[in-house]
Chemist: 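Before anything else, here's the structure in question.
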Amino acid sequence: MKSSTDLREQWIAWRNGVIGSPRFQRFAARSPFLRPVARRRARTLFDLVAGFTYSQLLAACIETRLLDHLRGGPRGADDLAARIGLPADAAERLLRTAEGLGLVERLDQRWALGSEGAALLGNPGIAEMVAHHRLLYADLADPLALLRRGGGGGALSRHWHYAEASGAGDAAAVAPYSALMAASQPMVAAQALAAYRFDRHARVLDIGGGEGAFLSAVARAVPELDRGLFDLPAVGERSRARLGDGVAIHRGDFLTDPLPTGYDLITLIRVLHDHDDVPAMQLLRAVRAALPPGGTLLIAEPMAGTRGAGGVGSYFELYLLAMGSGRPRTMQEIGAMLREAGFRRVRPLRTPLPLVASAVTARP
């Protein structure tokens, strides 16, 4: 009797043989029943080929603030050209290509914000990520070289490796990192807050909390919850301006310094996947030691193998490789690490948008 793996292997071989057959492709393009599928597959394949062009176009729209200029309503092409600092013909070309991605749309002789453009403006963290992707694109100019050297050593890793400067108390050195994390954090914070009831706890400590964007979101949802933040000294210094005096700021390195105690909820929001397995295990064991009996650890971050997440896992695989640290892990891998660190009750949580972040809780 054939195993399920054998049957799946046979199915894959048959499927790929059919799809890759030029004869079948011609038949599907002519068939009224298969034509929509053929067209959709052709569009998907073209999107794979043209993806870098789309990304660069989006970067141009962000850098010129084209979408921001349309936030208040439609504008003429000449008006937009003057505002974004491009010649009229270049601005018209940018608008036409942005229209193809749904970022803008034509309205008579004017241009209006498109549905995708409106969604982008509603998620400022995405725009911040796109703005710094120039570094990632530089590393991906030769993807095989990046893969061969095993990550790091490029523009992106030089941007993120700020620990030495921040350990000396240089707040300016951590500003780019902290600002990007703060701008993009609300997307993940919304998933964690929707998936877990924070009001069952008295005190929460956010480890690696940056400028405090996540704790600010927690405060809006559960204002009575006492909050603490633990991060490198210079990062903690920047968080004070956002969080005010009502939040305990603990300064240190969570890979070398003991974690504060007395918190019945500890959160790792988009932290674990930034670290390789050895330091990640160090961190989980430190959290286990800091939690009181009955305390809870909440992890929320993009995870590998998430159903419906599409190419998100592929993105983070290469992003973290270029960064030189960490990797996206599956829910099963994180669960195994938690159990190895001494946690016993591990429970995956359902988030509204697993593409943005999945979540899991663990208790000693």
Chemist: Rounded to the nearest 0.5 Å, how far does CZ of Phe230 lie from CZ of Arg251?
Modeler: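 Those atoms lie 11.0 Å apart.
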Chemist: Do Glu116 and Leu101 come within less than 4.5 Å of each other through their side chains, counting heavy atoms only?
Modeler: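 No, their side chains stay 4.5 Å or more apart.
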Chemist: Quick check: does any side chain N or O of Thr296 sit under 3.5 Å from a backbone N or O of Arg363, one acting as donor and the other as acceptor?
Modeler: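 No, Thr296 side chain to Arg363 backbone: no donor-acceptor pair under 3.5 Å.
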Chemist: What I'd like to find out is whether the side chain of Leu103 reaches to under 4.5 Å of the side chain of Leu113, using heavy atoms alone.
Modeler: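 Counting from C-beta outward, Leu103 and Leu113 never come under 4.5 Å.
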Chemist: At their closest point, which heavy atom of His69 faces which heavy atom of Leu80, and how far apart are they?
Modeler: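 Shortest heavy-atom separation between His69 and Leu80 comes out as CB-CD2, 4.0 Å.
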Chemist: Within the 4.5 Å heavy-atom criterion, are Gln332 and Met337 side-chain neighbours or not?
Modeler: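 Side chain of Gln332 against side chain of Met337, heavy atoms only: no contact under 4.5 Å found.
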Chemist: Go through it in stages, so that I can follow the logic: the residues are Arg83 and Asp79, the test is salt bridge (Lys or Arg N to Asp or Glu O under 4.0 Å), and I'd like the CA-CA distance, side-chain angles, deciding distance and then a yes or no.
Modeler: CA-CA 6 Å; Arg83 289 173 180 269; Asp79 180 22; 3.0 Å; yes
Chemist: Hey, quick one: are Phe52 and Leu136 part of the same hydrophobic cluster, counting side-chain heavy atoms closer than 4.5 Å, chains of contacts allowed?
Modeler: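 No, because Phe52 and Leu136 fall into different hydrophobic clusters, even though each may have its own neighbours under 4.5 Å.
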Chemist: So Phe316 and His273, would you call those rings parallel, tilted or perpendicular, with 30° and 60° as cut-offs?
Modeler: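 Ring orientation of Phe316 relative to His273: tilted.
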Chemist: Counting C-beta onward and ignoring hydrogens, is there a side-chain heavy-atom pair between Leu349 and Val360 closer than 4.5 Å?
Modeler: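 No, every pair of side-chain atoms sits at 4.5 Å or beyond.
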Chemist: Mind running side-chain contact (heavy atoms from CB on, under 4.5 Å) on Leu338 and Ile334 for me, showing each step along the way?
Modeler: CA-CA 6 Å; Leu338 287 166; Ile334 292 175; 3.9 Å; yes
Chemist: With distance as the sole test, does Asp206 use its side chain to make a donor-acceptor pair with the main-chain N or O of Leu229 at under 3.5 Å?
Modeler: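 Such a contact is absent between Asp206 side chain and Leu229 backbone.
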Chemist: With a 6.0 Å cut-off (strictly less than), is the heavy-atom count around CD of Gln56, excluding the residue itself, greater than 12?
Modeler: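 More than 12 within 6.0 Å, yes.
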Chemist: Nearest 0.5 Å, please: how far is CG in Leu120 from OG in Ser115?
Modeler: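 So the gap between those two atoms works out to 11.5 Å.
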Chemist: Quick one: sort the Phe46 and Tyr54 rings into parallel, tilted or perpendicular, breaks at 30° and 60°.
Modeler: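 If you compare the ring of Phe46 with that of Tyr54, the planes turn out tilted.
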Chemist: Quick one: do Glu340 and Arg288 make a salt bridge, cutoff under 4.0 Å?
Modeler: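 Here Glu340 does not pair with Arg288 in a salt bridge, since their nearest N and O are not under 4.0 Å apart.
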Chemist: Linking I/L/V/M/F/W/Y whenever any side-chain heavy atoms sit under 4.5 Å apart, do Leu321 and Tyr137 land together?
Modeler: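 No, it is not one cluster - the side chains of Leu321 and Tyr137 are not joined through contacts under 4.5 Å.
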Chemist: Is it true that a side-chain atom of Asp257 and a backbone atom of Gly252 form a donor plus acceptor pair closer than 3.5 Å?
Modeler: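 Not at all, since once roles are kept as given, no pair shorter than 3.5 Å links the two residues.
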Chemist: Minimum heavy-atom separation for Pro328 to Ala304, with atom names?
Modeler: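 In this case the closest contact between Pro328 and Ala304 is O-CB, 3.8 Å.
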Chemist: Above 12 or not: heavy atoms from other molecules or residues under 6.0 Å from CZ of Arg8?
Modeler: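 It does not: Arg8 CZ has 12 such atoms or fewer within range.
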Chemist: Is any side-chain N of the basic residue among Arg106 and Glu92 closer than 4.0 Å to the acidic one's carboxylate O?
Modeler: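 A salt bridge links Arg106 with Glu92.
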Chemist: What heavy-atom pair brings Leu243 and Ser216 nearest, and what distance separates the two atoms?
Modeler: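 Smallest interatomic distance, heavy atoms only, reads CD2-OG, 3.6 Å.
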Chemist: I'd like to know whether Met331 forms a side-chain contact (heavy atoms from CB on, under 4.5 Å) with Ser358, so could you lay out the CA-CA distance, the side-chain angles of the two residues, the decisive distance to 0.1 Å, and finally the verdict.
Modeler: CA-CA 8 Å; Met331 183 71 74; Ser358 298; 4.1 Å; yes
Chemist: Hydrophobic clusters here meaning ILVMFWY residues chained together by side-chain heavy-atom distances under 4.5 Å, can you tell me if Ile126 and Leu353 are in one?
Modeler: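 Both belong to a single hydrophobic cluster.
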Chemist: Do you know the tightest heavy-atom contact between Pro302 and Arg270?
Modeler: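 For Pro302 and Arg270, the tightest heavy-atom pair comes out as CD-CG, 4.0 Å.
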Chemist: In the structure I gave you, are the side-chain heavy atoms of Leu67 and Val104 within less than 4.5 Å of one another anywhere?
Modeler: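 Side-chain contact under 4.5 Å: yes.
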Chemist: Show the numbers, then the answer: is there a side-chain contact (heavy atoms from CB on, under 4.5 Å) between Met303 and Thr330?
Modeler: CA-CA 5 Å; Met303 296 185 189; Thr330 65; over 6 Å; no
Chemist: Gln191 side chain to Val188 main-chain N or O, any donor-acceptor pair under 3.5 Å?
Modeler: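 No.
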Chemist: Kindly compute the distance separating NE2 (His275) from CG (Leu320), expressed to the nearest 0.5 Å.
Modeler: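 Between His275 NE2 and Leu320 CG, I get 11.0 Å after rounding to 0.5 Å.
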Chemist: Would you say the side chains of Tyr263 and Asp226 form a donor-acceptor pair under 3.5 Å?
Modeler: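 There is no such pair (donor and acceptor under 3.5 Å, judged by atom type) between the side chains of Tyr263 and Asp226.
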Chemist: Could you walk me through whether Asp277 and Arg329 satisfy the salt bridge (Lys or Arg N to Asp or Glu O under 4.0 Å) test, starting with their C-alpha distance in whole Å, then the side-chain angles of each, then the deciding distance to 0.1 Å, before giving a yes or no?
Modeler: CA-CA 10 Å; Asp277 289 350; Arg329 299 177 176 90; 2.7 Å; yes
Chemist: Are Asp68 and Leu121 close enough that some pair of their side-chain heavy atoms sits under 4.5 Å apart?
Modeler: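 They are in contact (side-chain heavy atoms under 4.5 Å apart), so the answer is yes.
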Chemist: Closest approach of Gly326 and Asp276, non-hydrogen atoms and distance?
Modeler: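 Looks like N-OD1, 2.8 Å.
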Chemist: Hey, are Asp47 and Arg43 close enough for a salt bridge, meaning a charged N less than 4.0 Å from a carboxylate O?
Modeler: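 Arg43 and Asp47: salt-bridged.
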Chemist: Is the count of non-hydrogen atoms from other residues, nucleotides or ligands lying under 6.0 Å from Glu224 atom CD greater than 12?
Modeler: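 Buried by this count: over 12 neighbours within 6.0 Å.
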Chemist: Are side-chain heavy atoms of Met323 and Ser157 found at a separation under 4.5 Å?
Modeler: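 They are not in side-chain contact.
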Chemist: Are there over 12 heavy-atom neighbours, none belonging to Arg65, within less than 6.0 Å of that residue's CZ?
Modeler: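 Open.
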Chemist: Any side-chain to backbone donor/acceptor pair from Thr351 onto Ala357? Under 3.5 Å, distance only.
Modeler: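 Judged by distance alone, yes, a pair lies under 3.5 Å.
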Chemist: For the atom pair CD1 (Ile266) and CZ (Arg203), what is the distance rounded to the nearest 0.5 Å?
Modeler: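 Nearest 0.5 Å value for the CD1-CZ distance: 10.5 Å.
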Chemist: Return the CG to OG1 distance between Leu94 and Thr64, rounded to the nearest 0.5 Å.
Modeler: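 Rounded to the nearest 0.5 Å, the CG-OG1 separation comes out at 5.5 Å.
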Chemist: If you compare all heavy atoms of Ala88 against all heavy atoms of Asp78, which two are closest, and at what distance to 0.1 Å?
Modeler: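 Heavy atoms of Ala88 and Asp78 come nearest at CB-OD1, 4.1 Å.
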Chemist: Val278 and Phe254: same hydrophobic cluster, using ILVMFWY side-chain contacts below 4.5 Å?
Modeler: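 Shared cluster, no.
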Chemist: Measure the spacing between CG of Leu205 and CG of Leu297 and express it to the nearest 0.5 Å.
Modeler: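 Here the interatomic distance stands at 10.5 Å.
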Chemist: Would you say Leu144 ends up clustered with Tyr319 if hydrophobic residues are merged whenever their side chains have heavy atoms under 4.5 Å apart, either directly or through other cluster members?
Modeler: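 Yes, one cluster joins them.
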Chemist: Does Arg200 come within less than 4.0 Å of Asp264, counting only side-chain N to carboxylate O?
Modeler: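 Salt bridge flag = no for Asp264 with Arg200.
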Chemist: State, with a plain yes or no, whether a side-chain heavy atom of Arg345 is found less than 4.5 Å away from one of Thr361.
Modeler: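 Not touching, per the 4.5 Å side-chain cut-off.
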Chemist: Could you give me the CA-CA distance, side-chain angles and deciding distance for Leu284 and Val287, then say whether side-chain contact (heavy atoms from CB on, under 4.5 Å) is met?
Modeler: CA-CA 5 Å; Leu284 291 178; Val287 172; 5.5 Å; no
Chemist: With a 4.0 Å cut-off, would you call Arg110 and Glu105 a salt bridge?
Modeler: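 Looking at Glu105 together with Arg110, the answer is no, because their closest N to O distance does not fall below 4.0 Å.
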Chemist: For the aromatic rings, using the six-membered ring if either is Trp, is the centroid distance between Tyr315 and His133 under 6.0 Å?
Modeler: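 Close enough - the centres of the two rings lie under 6.0 Å apart.
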